[in-house]
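Since the structure comes first, as structure tokens, the remarks are kept for the end.
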Amino acid sequence: MRSMRLRLFLILLATTGAVWLFAVSWTYLRTQHQVERVLDARLTEAARMVSSLIGDHHIDVAAAVDASRTSDAAAAFTVPEGDYNRHLSCQIWSLQGQLVSRSESAPATLLAGHQEGFSNTEVDGERWRVYAVVNPALGVRVLVGDSLEMRERLIGDVIKGQLLPAIAILPLLAAFIWLSVGRGLAPLDVLAVTLSRRSADELHSVEDERAPREVRPLLASLNSLFRRVREARDREKTFVAYAAHELKTPLAGLKAQAQIALRSDSDAVRDRALSQISTSVDRTGRLVRQLIDMATVDSVETVRAAEPVDLREMVAEITGELEAARQSREIEILARIPDTLTNCAFDRNLMRLALRNILENAVQYAPRNSQVELSAAERAGVLSIDITDRGAGFDGAEETRILERFYRGSTAGGQGSGLGLSIVRMALARLGGELAFRKKDDGFCVSLALPVAVR
Amino acid sequence: MRILVVEDDDILRDGLKVGLGLAGFSIDTVSTVADASEALAVDRFDAVVLDRMLPDGSGLDVLKTMRRAENRTPVLLLTAKDDVSDRIDGLDAGADDYLGKPFDLDEVAARLRAITRRAAGRASAQLRFGDVSLDPASMTVEKQGCTIGLSRREFSILQALMENPSAIHSKQALEQRLYGWQEDVESNTIEVHVHKLRAKLGAGAIETVRGVGYRLGRP
């Protein structure tokens with residue numbers, strides 16, 4: 001159902017109606033029970049009274065029996081007229097089966113055939129509740145009965161008395177419920193209006209101090225969504241600004257070298273400029289690739305499910321990709337990876353980005369004609385990978401800055417994007433791992449440590 | 001004119017060195033704040049081309065240190081950040097001009113000529129002394145309306161002398177202006193260039209002040 005108001009309204013109306021119906025049913029049953037009890041008591045009382053009256057000889061039974069023989073119309077009790085006239089009907093029968101006497105409202109035929117106690121009978125299409133008492137001393141049976149239909153009418157009137165005002169009030173009640181639900185939902189409307197007035201870049205939190213308690217969880221998750229969107233947008237903005245900024249320097253270099261190549265008369269100068277252009281295009285290409293890597297790592301909100309990875313194969317692939325750079329700088333990558341690590345589980349892409357950028361750095365900054373060593377080991381669910389090169393690395397003081405985006409080490413000699421280690425750090429953070437640097441006597445070591453499941 | 005280029009990207013640095021060299025400037029290059037501060041403390045330059053983002057700090061710090069030390073060398077700030085607020089920051093920190101990356105080499109050269117001209121307090125882009133006029137932008141020299149063909153070094157020496165006609169220029173100062181640190185200068189190079197200039201402009205065009213240096217001859 002679309003409208004909360006309508007939904008609440010219908011629910012409230014239905015429950016109110018149900019409660020009412022229940023109350024009416026209950027009243028019906030109670031009334032029925034009570035009426036039966038009271039009227040049955042009256043029947044008993046009346047029958048005994050009649051029986052005892054006969055016993056006291058207030059009525060001459062013998063005369064009455066005689067009279068009944070001469071006249072069909074037995075002596076009648078008179079009952080006052082009223083809504084519930086013919087309240088009680090009374091018959092007095094001799095034990096031989098002669099009608100001795102009856103009340104005015106009583107039928108002339110036998111009301112009930114049973115000896116004593118209560119019974120429900122039907123006489124001439126009318127249903128009766130009859131109480132019988134036998135007076136053996138006088139040889140008569142007293143039957144007192146009342147109409148079951150009358151009893152039902154009595155109960156029906158009580159129920160009608162309840163239902164009629166309820167039906168009259170129901171529309172009024174519905175209107176009140178409708179209005180009340182509207183009032184109750186007003187804070188939501190206020191919230192909706194506030195939110196709908198926002199422009200697309202208004203991502204600040206919604207104030208929740210005055211919000212009703214029920215709306216607060218909603219507001220809290222809304223605010224947390226706002227915060228995440230804002231952070232993502234800020235990250236994106238910063239990233240785009242930095243990316244644009246970082247691409248401008250190589251572009252300036254390209255343009256300057258291109259202009260030199262265009263205007264120089266000397267073949268040597270022109271050739272040199274062209275080779276600089278070529279180098280710069282390679283580097284800019286790498287920068288663009290790293291920017292994309294960075295955006296990838298940045299945008300990954302949750303790490304994908306770990307998948308089986310052959311670490312040895314992954315390192316071999318990366319070494320293959322770095323073939324050209326390795327050959328030009330005569331760098332050899334030696335990998336020592338135990339057999340146990342050919343089937344470990346982590347996010348393949350993040351791990352690959354981290355390893356590739358570390359190895360790329362090592363190949364670029366290690367001295368010519370040297371070795372880069374990669375050794376991996378797993379202990380107690382922690383995978384540690386050490387990558388050692390013979391380069392100078394950087395000092396402890398530079399460590400925090402080196403992890404910043406676009407920061408190039410002071411020994412980088414004006415190459416590189418300053419993105420590599422940022423990518424590594426971010427990828428590792430996503431993998432739940434850590435990055436450490438260690439200066440050694442004969443080189444520089446980058447260590448990764450991350451939780452891993454080995455199969 | 002001797003220019004210090006402070007830029008950390010090696011290809012751009014090389015481009016500026018070669019490109020501005022072709023435009024008649026002699027260029028020295030450094031790539032860090034530390035090296036730039038040291039070069040500026042030791043040597044005198046006609047102008048500085050300064051990158052804003054350097055590996056060991058901001059180019060603006062170099063600029064502020066220079067201005068605090070009363071160094072009035074004109075500075076052209078090069079930067080990839082070229083928002084209005086960045087430009088304002090740069091100019092307020094003491095830059096004479098501002099150029100966003102990527103740029104045209106000719107524009108860098110023109111702006112360098114403009115800021116050095118302003119720094120020298122000259123109104124005209126052309127230098128005149130007697131019947132000789134020199135145009136730094138086109139690197140041409142005219143005497144009595146006739147164009148005189150000069151080599152790049154000869155032109156630079158004549159430009160240095162004409163920029164400050166009454167001063168005596170020491171041989172060392174002229175050498176510094178002509179050659180970067182990396183270039184070897186033979187001991188008699190300046191004398192050779194001055195000799196050739198005299199042959200082209202007339203014997204009295206340049207005077208030798210014995211033991212001190214050179215200046216333009218009185219017309």
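This one's a predicted model, so the numbers in the text were calculated from it and none came from an experiment. Labels below follow one simple rule: chain letters A, B, ... track the order of the sequence lines, proteins then strands, and each chain is numbered from 1.
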Quiz item: Does atom CD of B:Glu191 have more than 12 heavy-atom neighbours, drawn from other residues, nucleotides or ligands, at distances under 6.0 Å?
Solution: yes
Self-check item: Cation-pi check, A:Arg198 onto A:Phe226 ring (under 6.0 Å, within 45° of axis)
Solution: yes
Practice problem: Give, as side chain, backbone, both or neither, the part of B:Asp104 having an atom under 4.5 angstrom from any heavy atom of chain A. | Solution: both
Self-check item: Side chain / backbone / both / neither for B:Leu22 at chain A, heavy atoms under 4.5 Å
Solution: side chain
Exercise. Before giving the answer on side chain to side chain contact (heavy atoms under 4.5 Å, CB included), spell out for A:Glu373 and A:Arg390 the whole-Å C-alpha distance, their side-chain angles and the decisive distance to 0.1 Å.
Key: CA-CA 9 Å; A:Glu373 287 160 29; A:Arg390 304 275 164 258; 2.8 Å; yes
Quiz item: Would you say the side-chain atoms of A:Asp282 and A:Thr279 include a donor-acceptor pair closer than 3.5 Å?
Solution: no
Exercise. Could you tell me which of A:Ala258, A:Ala273, A:Ser264, A:Gly253 has the largest number of non-hydrogen atom pairs under 4.5 Å with chain B?
Key: A:Gly253
